[in-house]
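Below is one structure; the comments refer to it alone.
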Amino acid sequence: MARIQQILSQKQEQRLELRPKMLQSLHLLSLPILELEMHMKHELITNPMLEMQEEDDSRETESDHKEESESRETELEIDTEIVAESKDPELKETIDEAKELSEILDTWNDYHSDERTSYREAPEEVDHENTLRIQEDKKQEYRDQLDRFNLNEDEYDFATDLIDTANAHGFLAEDFDIHELAAEYGIEPDRADEIHQIVLHLDPAGITARSIPECLMAQLSIEQMDNPILTGIIQEDFCDLIHRRYQNIASKYRITVEAVLEFKEEISVLDPKPGLRLVANETNYMVPDVIIKKIDNDYELIINDSFMPNIIISRRYRDIIKSMGRDKDALNYVRSKINSAKFLIKSMYMRNRTLERVTRSIIQHQRQFFYNETGILEPLTYSTIAAELQVNESTISRVVRSKYADTPFGVMCLKDFFTSTAGKDKNYDAVSRQLVERNIREMIEEEDKRKPISDQDIANILKERGISVSRRVIAKYREGLGILNSRLRRKEG
């Protein structure tokens, strides 16, 4: 009989754990301007040490500065009196930290005011209503799931052709001949059925079905597929079910009407129109986080702070501190809120500074686009910018994600300036995705609509132009541009 033994051992390992403050800083770095505004206003609500400076208060004249200076001297005297009365070192430390917060806020508001003024005084070419309408491409994400399967180029093209042919609800025509389409790609009928099943079971399941029963069957779990009554109702008795002929179903399977209703409930959670889940969300309007202006032969940056409120230390903070007296827990609470506010403002400054540095680096690496105005982007990765700025790649990802720049060429997502290598040119230099997409768009615009060019034709033409790109890459980029395949683009007559 084996004996149970207890073994005590030590193991040393390295793990990177981010502290809450660091996580907060990274979160602020990733927020676009409108979400950042909401975050700041939430902080004003939850932090009693802060309040928003009224718009009229921020328009200061010379006399206002004098009054403010006198007010600060008075505040200093009051603070000294509070400390003198209490002789409490913790209270003194709390007031010192409050003064430091006040100085930090003054510096931030000055910086923030400069940026806001620059934005408002930008040249007339800046369209302050130039917001970009974007739609999330869920269909491309759906297609990307095919990368998990070992499909060759013909099989991949066949699968994407099926997806493109499906209507808005996700269905193929009931008489659609999958085998006939497969023959165009040189795929045998049995293999075509296997690929169709792969597509049917992507997420969301049921897309490219030819009927509602086929769509619902694709959404069943393994356990549900083992239930012959459930699968029978879907495949053979669906009309009786939707027309509430429950007694017919109960008699056929020798079950009660109550049991039929339970099966109906199970079927009702399935989606009869899965294609609608790939339809783009309602259009969103994106406000640019940074303005890029060409002045003479160089580019200037303006961080868009126009939506951010000016923040000052609450005028009630002395009353709060006085009312707490010698309550240590209350003083610790006040100090925690003061430190939270200080860290927030410092993180805000670092966010803007990092956004500026990354944007300047992008401009320098995309000189063809900005300085030569060719409209062509060079291959550029996060790692290139990260190495140059000596930060982590994830930092670059957070900076450019969901942030937009108002450029002389329109509003663009910063992420779009990073483009992968699509292939090689005749000199074996890297060719960007954007260059290949531009060629694809131009060729398809100029094609004979009665005999549209195929993805292989495009690949062959690019090769003649000295750009080597595979047909599968062409298909993927064409789909990303929202262009149908050659068969669906063909026009009769």
Side-chain angles (χ1 to χ4, degrees), residues 135-151 155 158-182 187 189-284:
Q135 291 184 328
E136 188 179 358
D137 188 0
K138 293 184 178 180
K139 199 166 186 179
Q140 183 57 50
E141 292 179 7
Y142 178 80
R143 294 190 198 98
D144 288 345
Q145 296 177 70
L146 292 171
D147 294 338
R148 302 199 308 263
F149 303 92
N150 294 321
L151 303 179
E155 292 171 342
F158 166 65
T160 55
D161 203 341
L162 285 177
I163 296 168
D164 289 342
T165 305
N167 64 23
H169 292 164
F171 287 87
L172 297 172
E174 201 161 346
D175 59 350
F176 185 84
D177 193 335
I178 289 177
H179 296 161
E180 183 180 334
L181 176 63
I187 299 173
D190 289 346
R191 181 56 179 161
D193 291 334
E194 291 175 3
I195 296 170
H196 183 220
Q197 286 300 312
I198 288 174
V199 176
L200 277 170
H201 290 85
L202 297 178
D203 183 24
I207 290 176
T208 70
R210 290 158 292 185
S211 64
I212 290 181
E214 185 176 37
C215 173
L216 300 182
M217 287 292 293
Q219 298 175 43
L220 296 181
S221 66
I222 296 174
E223 293 78 11
Q224 290 173 319
M225 288 292 292
D226 290 336
N227 189 321
I229 299 178
L230 177 62
T231 56
I233 291 173
I234 292 174
Q235 291 178 307
E236 301 171 13
D237 307 292
F238 194 72
C239 283
D240 282 342
L241 185 69
I242 61 177
H243 289 99
R244 303 184 179 183
R245 295 192 283 263
Y246 305 137
Q247 189 59 57
N248 291 353
I249 299 173
S251 299
K252 177 178 179 178
Y253 295 100
R254 297 181 182 180
I255 57 177
T256 64
V257 171
E258 288 73 17
V260 174
L261 292 175
E262 289 179 8
F263 282 118
K264 179 187 177 184
E265 187 67 25
E266 200 168 347
I267 294 170
S268 69
V269 301
L270 304 177
D271 187 355
K273 298 177 180 178
L276 295 179
R277 291 158 65 184
L278 300 186
V279 175
N281 288 342
E282 194 171 309
T283 302
N284 295 316

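Just so it is clear, the model here is predicted, and its values are computed rather than measured.
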Q.
Nearest 0.5 Å, please: how far is CG in N167 from CG in L172?
A. 8.0 Å
Q. Taking C-beta and beyond as the side chain, do I187 and L181 meet within less than 4.5 Å on heavy atoms?
A. no
Q) Going from CG on L220 to CG on N227, what distance comes out if it is rounded to the nearest 0.5 angstrom? A) 9.5 Å
Q | Working for side chain to side chain contact (heavy atoms under 4.5 Å, CB included), residues L146 and L202 | A | CA-CA 8 Å; L146 292 171; L202 297 178; 3.9 Å; yes
Q. Which heavy-atom pair separates I178 from A192 by the least distance, and what is that distance?
A. CG2-CB, 4.3 Å
Q | Beyond-backbone contact of V199 with Q197, side-chain heavy atoms, under 4.5 angstrom | A | no
Q) CG of L241 to SG of C239: how many Å apart, nearest 0.5 Å? A) 9.5 Å
(Q) I'd like to check the side chain to side chain contact (heavy atoms under 4.5 Å, CB included) partners of A173; sequence neighbours left out, ordered by chain and number. (A) D175, F176
Q: Write out all pairs satisfying side chain to side chain donor-acceptor pair (under 3.5 Å) with one or both partners inside residues 231-242, taking only residues at least two apart or from two chains.
A: E236-K252, D237-K252, D237-Y253, D240-R245
Q: Determine which pairs satisfy salt bridge (charged side-chain N to carboxylate O under 4.0 Å, His left out) with at least one residue from residues 158-168, sequence neighbours left out, and list them in order.
A: R143-D164, D161-R487
Q: Mind checking side chain to side chain contact (heavy atoms under 4.5 Å, CB included) for D177 and listing every partner two or more places apart, or none if nothing turns up?
A: H179, E180
For residues 255-267, run the donor-acceptor check on the side chains, cut-off 3.5 Å, and write out each pair with its distance to 0.1 Å, sequence neighbours left out.
residue: T256; atom: OG1; partner: A259; partner atom: N; Å: 3.1
residue: K264; atom: NZ; partner: Y246; partner atom: OH; Å: 2.7
residue: E266; atom: OE2; partner: Q224; partner atom: NE2; Å: 3.0

Please tabulate, one pair per line, all N/O donor-acceptor pairs under 3.5 Å involving side-chain atoms of residues 203-213, not counting sequence neighbours.
residue: T208; atom: OG1; partner: H196; partner atom: NE2; Å: 3.3
residue: R210; atom: NE; partner: E214; partner atom: OE1; Å: 3.4
residue: R210; atom: NH2; partner: E214; partner atom: OE2; Å: 3.0
residue: S211; atom: OG; partner: E214; partner atom: N; Å: 3.3

Q. Going from CD1 on I163 to CD on Q145, what distance comes out if it is rounded to the nearest 0.5 angstrom?
A. 8.5 Å
**Q.** Rounded distance [0.5 Å steps], CG in L200 versus CG in L162
**A.** 9.0 Å
Q | Reported SG-to-CG distance for the pair C215 and L270, which is rounded to 0.5 angstrom | A | 8.5 Å
